[in-house]
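Have a look at the structure below before the remarks.
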Amino acid sequence: MSETVNTFEAQQQGRPTGPLVRGYEVIIGFETHAQLSTASKIFSRASTAFGAEPNTQACAVDLALPGTLPVMNKGAVERAIKLGLALGSHIAPRSVFARKNYFYPDLPKGYQISQFEIPVVQGGSVTFFVGEEQKTVRLVRAHLEEDAGKSVHEGSHSGIDLNRAGTPLLEIVTEPDMRSTAEAVAYAKELHKIVTWIGICDGNMQEGSFRCDANVSVRRPGEKLGTRREIKNLNSFKFMQQAIDYEIRWQIDEIEDGRKIEQATVLFDPDTGETRAMRAKEDSADYRYFPDPDLPPLVIAADWIERVKAGMPELPRAMAERYVREHGLSEYDAAQLTQSAALAGYFDQAVKAGATPKLASNWITGEMARRLNAAEIGIEAAPVKAQQLAQLVKRIADGTLPNNAARQVFEALWTGEGSDVDEIIEAKDLKPMNDTGALDKILDEVIAKNAKNVEEYRGGKEKALNALVGQVMKASGGKANPAQVTELLKAKLA
Ligand code: ADP
Ligand code: MG
């Protein structure tokens with residue numbers, strides 16, 4: 001929290017609280033809709049499965065037929081509790097559902113059931129890396145609500161698909177704590193990681209399971225918050241970055257041209273790369289919120305929270321801290337390895353199979369990450385399995401494989417040319433020259449040919465030895481082990 005205090009002080013003193021763009025400070029706050037991974041809807045028993053024929057998964061409750069009543073889905077509440085536990089939030093022992101009134105063709109009831117004054121999850125924070133710098137973003141709240149249906153437009157016809165109506169959502173709202181596009185995207189990635197890690201959301205952004213609204217404003221350092229515009233429904237990290245960058249440029253241009261920013265809801269068009277105003281932004285008073293008389297307050301007992309807690313997986317940050325403590329990894333490496341449960345699981349497996357943690361970490365965050373990126377696949381699909389990486393790392397640790405040879409083995413494993421590390425070393429003749437006749441012969445030749453270096457070394461010039469080691473390495477085709485060569489040379493020249 002010290003960061004927040006520093007930010008507050010800087011603001012009080014008129015200093016920038018973040019990087020400046022053309023002299024302006026950028027302020028960003030996020031509202032994220034995470035679709036909860038329950039099998040049925042939040043207030044009805046209809047299925048939430050994606051991609052069904054229109055209107056085949058909307059029951060009487062979702063259609064708002066007269067006489068129907070909503071019944072709270074316990075699984076949705078449990079998922080909200082999990083998020084609260086993961087983010088260090090207060091979980092309200094009693095929260096209230098409210099009606100948010102507005103007219104939209106895909107909203108049969110004429111209101112959306114949401115939470116307003118008393119949300120289920122309150123406060124908490126998300127901590128993550130932006131590059132190598134750590135950043136904490138505070139949460140205001142996370143509340144449960146139902147999704148609306150969809151309007152589908154085809155040619156001159158429009159239709160309504162109510163399959164999505166009543167799908168459970170958790171809307172996660174931050175303080176306006178982000179100060180750049182990079183920070184905003186890193187926050188969204190971290191939140192995405194957490195909700196999928198704890199299994200409350202499938203994280204599928206194309207299908208709309210995780211969509212973000214970015215509230216963006218700009219101001220001169222020291223000024224009070226500027227008017228924000230809200231970019232709706234960002235469903236890819238790439239679009240998120242493009243949309244926010246565009247919005248920042250646009251707002252600064254407007255102000256520089258002497259115009260005022262009007263509060264608005266805007267949409268990003270990936271085709272033009274621009275944001276476009278959709279409607280003037282409503283204020284909460286426009287929705288005439290009031291407690292929903294059809295639903296009793298949501299009461300969460302302490303022992304329920306305890307039970308949920310007991311079933312939670314180790315969280316990425318706790319896991320990263322454990323990697324630092326138990327394996328001596330740097331915080332940055334530990335954060336890289338805990339980017340996903342799958343990646344951390346892979347590292348755990350490699351270590352369990354006997355890999356030196358530091359070396360395994362270097363390979364996973366280095367060569368492996370590069371190859372996965374290039375192939376656009378996740379670690380689950382990596383052709384090199386954890387056991388194989390462990391075997392490779394063991395051969396590096398015991399001095400069998402110098403770097404260059406290790407890369408060749410990795411390549412062979414990746415392409416499927418071989419599957420057993422020792423067999424590949426054998427087949428490719430990568431075994432280092434040991435104290436065998438061949439190496440001995442090379443040593444003698446090098447010593448004979450480099451009389452000057454030998455003399456210098458014997459005369460006390462330690463550096464001359466490096467030249468000799470280099471010659472031996474060259475003559476061995478890189479297969480000798482430099483440490484061993486150094487020892488053997490010293491012995492011979494003693
Ligand atoms: P609403 O629910 O009407 O959209 P809120 O006040 O709850 O309004 O704010 C929504 C989001 O906008 C929050 O994430 C908040 O941090 C962010 N926000 C509020 N004011 C600003 C601002 N001036 N600039 C950028 N973001 C802001
Ligand atoms: Mg909003």
Side-chain angles (χ1 to χ4, degrees), residues 3-4 7-8 11 16-21 24-34 83 87 89 98-102 111-126 135-145 148 169-188 190-191 210-234 240 243-252 254-255 260-267 275 277-289:
E3 241 174 21
T4 325
T7 304
F8 180 74
Q11 169 67 9
T17 62
L20 297 182
V21 180
Y24 289 83
E25 196 171 77
V26 175
I27 312 282
I28 305 169
F30 260 55
E31 295 161 280
T32 302
H33 288 93
L83 183 87
L87 302 181
S89 315
R99 291 187 179 179
K100 182 179 186 181
N101 298 284
Y102 60 99
Y111 60 85
Q112 177 191 21
I113 304 177
S114 182
Q115 297 191 304
F116 185 56
E117 273 166 318
I118 313 179
V120 59
V121 171
Q122 305 171 4
S125 62
V126 178
K135 169 86 192 176
T136 294
V137 167
R138 295 165 301 157
L139 293 188
V140 179
R141 59 194 272 155
H143 59 258
L144 284 163
E145 64 183 25
L169 300 177
L170 195 58
E171 178 172 342
I172 304 157
V173 184
T174 76
E175 297 282 358
D177 279 354
M178 289 159 272
R179 290 292 179 273
S180 66
T181 307
E183 250 177 57
V185 174
Y187 160 79
E190 183 69 19
L191 186 65
F210 185 92
R211 41 193 208 260
C212 297
D213 304 341
N215 293 270
V216 180
S217 68
V218 299
R219 69 175 175 197
R220 294 282 189 189
E223 283 178 357
K224 64 180 181 20
L225 284 181
T227 304
R228 73 194 150 106
R229 304 213 313 160
E230 178 177 3
I231 316 168
K232 275 290 198 198
N233 286 335
L234 295 164
M240 187 180 292
I244 299 174
D245 274 346
Y246 176 85
E247 183 62 28
I248 293 168
R249 274 200 308 275
W250 186 88
Q251 289 190 17
I252 295 176
E254 285 289 295
I255 295 172
K260 268 178 112 168
I261 305 295
E262 303 285 347
Q263 185 164 309
T265 300
V266 307
L267 277 182
T275 54
M278 191 162 80
R279 54 171 192 253
K281 166 98 180 113
E282 310 79 359
D283 278 316
S284 67
D286 300 331
Y287 292 118
R288 294 290 184 267
Y289 281 100

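Counting starts at 1 for both ligands and their atoms, following the listed order. In this chain, numbering begins with 1 at the start of the sequence shown.
- Listed by atom number, the atoms of ligand 1 under 4.0 Å from Val173 heavy atoms are 13 (C), 14 (O).
- Not a single donor-acceptor pair under 3.5 Å links the side chain of Thr275 to the backbone N or O of Glu247.
- Of the candidates Arg141, Arg229, Arg228, Glu171, it is Arg228 that places a heavy atom closest to atom 1 (P) of ligand 1.
- Every atom of ligand 1 is numbered from 1 in the order shown, and the set under 4.0 Å from a heavy atom of Pro176 is 16 (O), 26 (N), 27 (C).
- Panel note: side chain Lys135, backbone Asp177; a donor-acceptor pair is recorded below 3.5 Å.
- At a cut-off of 3.5 Å, with distance as the only test, no side-chain donor of Glu171 or Thr32 sits close to an acceptor on the other residue.
- Residue Ser284 places no heavy atom under 4.0 Å from ligand 1.
- Under a 4.0 Å criterion applied to the non-hydrogen atoms of Thr174, ligand 1 contributes the atoms 13 (C), 14 (O), 15 (C), 16 (O).
- Less than 4.0 angstrom separates some heavy atom of Leu225 from each of these atoms of ligand 1: 23 (N).
- Close approach of ligand 1 to Phe30 (heavy-atom distance below 4.0 Å) involves ligand atoms 14 (O).
- Proximity to Glu175 (heavy-atom distance under 4.0 Å) selects the following atoms of ligand 1: 16 (O).
- In this structure, Gln263 contributes its side chain and Arg229 its backbone to no donor-acceptor pair below 3.5 Å.
- Residues Gln251 and Arg228 bring no donor and acceptor atom of their side chains to less than 3.5 Å of each other.
- Residue contacts with ligand 1: Thr227 is placed with no nitrogen or oxygen under 3.5 Å of a nitrogen or oxygen of the ligand (distance criterion only).
- With hydrogens and angles left out, the side-chain atoms of Glu31 and His33 include no donor and acceptor closer than 3.5 Å.
- Where the criterion is an N or O separation shorter than 3.5 Å, residue side chain and backbone included, Gly226 meets it with respect to ligand 1.
- Comment: Glu262 does not engage Lys260 in a salt bridge, judged by the lack of any side-chain N to carboxylate O separation of less than 4.0 angstrom.
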